[in-house]
Structure formats: structure tokens, C-alpha cells
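See below for the structure under consideration.
Atom set for the values below is all heavy atoms of this structure, side chains included, hydrogens, waters and symmetry mates excluded.
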Amino acid sequence: MAYWLFKSEPDAFSIDDLAARAAAGEPWDGVRNYQARNMLRDQMRIGDSVFFYHSNCRVPGVVGLAEVSSPAYPDATAFDPAAHYFDPKSDPENPRWYLVEIRYLRHLTRTIALTELKDHADGPLADMPLIRRGNRLSVMPVTAQQWAFILGLE
DNA sequence: GCCAACGTTGGC
DNA sequence: GCCAACGTTGGC
């Protein structure tokens, strides 16, 4: 079972929004980056663990836990001209973009801020893309060691 | 709001 | 296939 981190802008979709979906989960549509797409499509499995991360906000950081709750399937918003993430080059016969659904598990008892994670940039979190400058991946892998360490900060 | 860093696009 | 221009991300 693998571990992941999903970024979301809380103004657009927050951990509270995910919690409101409850068991129904949320289709994580709109990912339009090939590296992220490959992880969604090829590597994620039902039951994988997810750190839910708030980006582009006052205190960026890990705010909750979720899990992958569906297999990967084509992101239909890419086929919809009215959708914000419409991509005319994604052919329904050969979809370019995929998604998984994620399901809320719980809030962390406190936000584990990016600044705090960076305190360990020379230690357990040295290889985490998240804390590297200029990182723009919206979905990224987390190692078992990183997962345990970050949860241990809670 | 600024701006550095990055991925993508498209001309050549 | 190179690479400059562009749009976007996201911390600060």
C-alpha cells in the first residue's frame, strides 16, 4: 500500500469540503500534469493513504488524512467544453487525463505547516519534493518513512 | 500582490 | 529537436 500527498487550494476545495463528502468521496478531477497523471493512472490503488495538503493559503501545510477510494478512470471534465479543465486534445477513445476518487478519513489535530516540514529538510524529509523550492506537483508520492515521520509530528 | 520556478507550446 | 515565450503555481 502506497502513500501520497494531494495538494488543494482551500479556497477552492478544503479538507472541510472533503469531510462534507463523507463516504461518497470526491473525484480528483482537473489534474493536467503528465507526471501527476502517470501516478494517478498507473500507481494508485484503492486503500492507498493520502495526506491532504492546503496550498496557496495563509498557512500551507498538511491538514488531514484521506484514502484512495476508486481505481483510476478517465477524467470526463477533459471532454466537456463547458468545464474549466476542458482539453480538446483528450479523446474519449484515448483519454489523456485520469483521476482517482479520494475519501475523507480525518482532520489532523493541528496543521503541520510547510515551514515545520522544512525544518527537517536536512533530515527525514530531505527527499520530499514538497519542500523543494519551485516544486509544482499537485500530487506526489510519500515514502513510508516520510509518512510515519510527518504523522509523528502531529 | 510579487515573482521565482516550472511545464507546455509552438515557431523555426 | 531546440528553446524562447508564455501561462500557471504557490510561497512569501
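For A/Glu9 and C/dG10, the CD to P distance is 7 Å, given to the nearest whole Å. One can place CG of A/Asn38 at 14 Å from C1' of B/dG7, the figure rounded to the nearest angstrom. The distance from atom CZ of A/Phe13 to atom P of C/dT9 is 17 Å, rounded to the nearest whole Å. For the pair A/Asn135 CG and C/dT8 C1', the computed distance is 14 Å after rounding to whole Å. As a whole-Å value, the separation of A/Arg37 CZ from B/dT8 P is 10 Å. Here B/dG7 presents its P atom at 7 Å from CD of A/Gln35, a figure rounded to the nearest Å. Here C/dC12 presents its P atom at 16 Å from CZ of A/Arg132, a figure rounded to the nearest Å. Distance, A/Leu130 CG to C/dC12 P: 10 Å, rounded to whole Å.
When each of A/Asn56 and A/Asn33 is assigned the nucleotide of DNA chain B bearing its nearest heavy atom, the one mapping closer to the 5' terminus is A/Asn56.
Listed here is the closest heavy atom pair of A/Pro10 and A/Asp17: O-OD2, 4.4 Å. Nearest heavy-atom pair, A/Ile150 versus A/Ile112, reported as atom, atom and distance to 0.1 Å: O-CD1, 3.3 Å.
Note on A/Tyr53: a side-chain N or O is less than 4.0 Å away from OP1 or OP2 of C/dG11. Phosphate proximity of C/dG10 to A/Lys7: present, with a side-chain N or O under 4.0 Å from OP1 or OP2. Contact check, A/Lys89 against B/dT9: a side-chain N or O comes under 4.0 Å of OP1 or OP2.
Side chain of A/Tyr34, nearest nucleotide from C/dC12, C/dG11, B/dT8: B/dT8. Of the candidates B/dA4, B/dT8, C/dG11, B/dA4 carries the atom nearest the A/Arg133 side chain, counting heavy atoms from C-beta on.
A donor-acceptor pair under 3.5 Å links the side-chain atoms of A/Asn135 to the main chain of A/Leu137, judged by distance alone.
In this structure the side chain of A/Lys118 reaches within 4.5 angstrom of the side chain of A/Ile131, judged on heavy atoms.
Side-chain polar atoms of A/Arg32 and A/Ser90 form no donor-acceptor pair below 3.5 angstrom.
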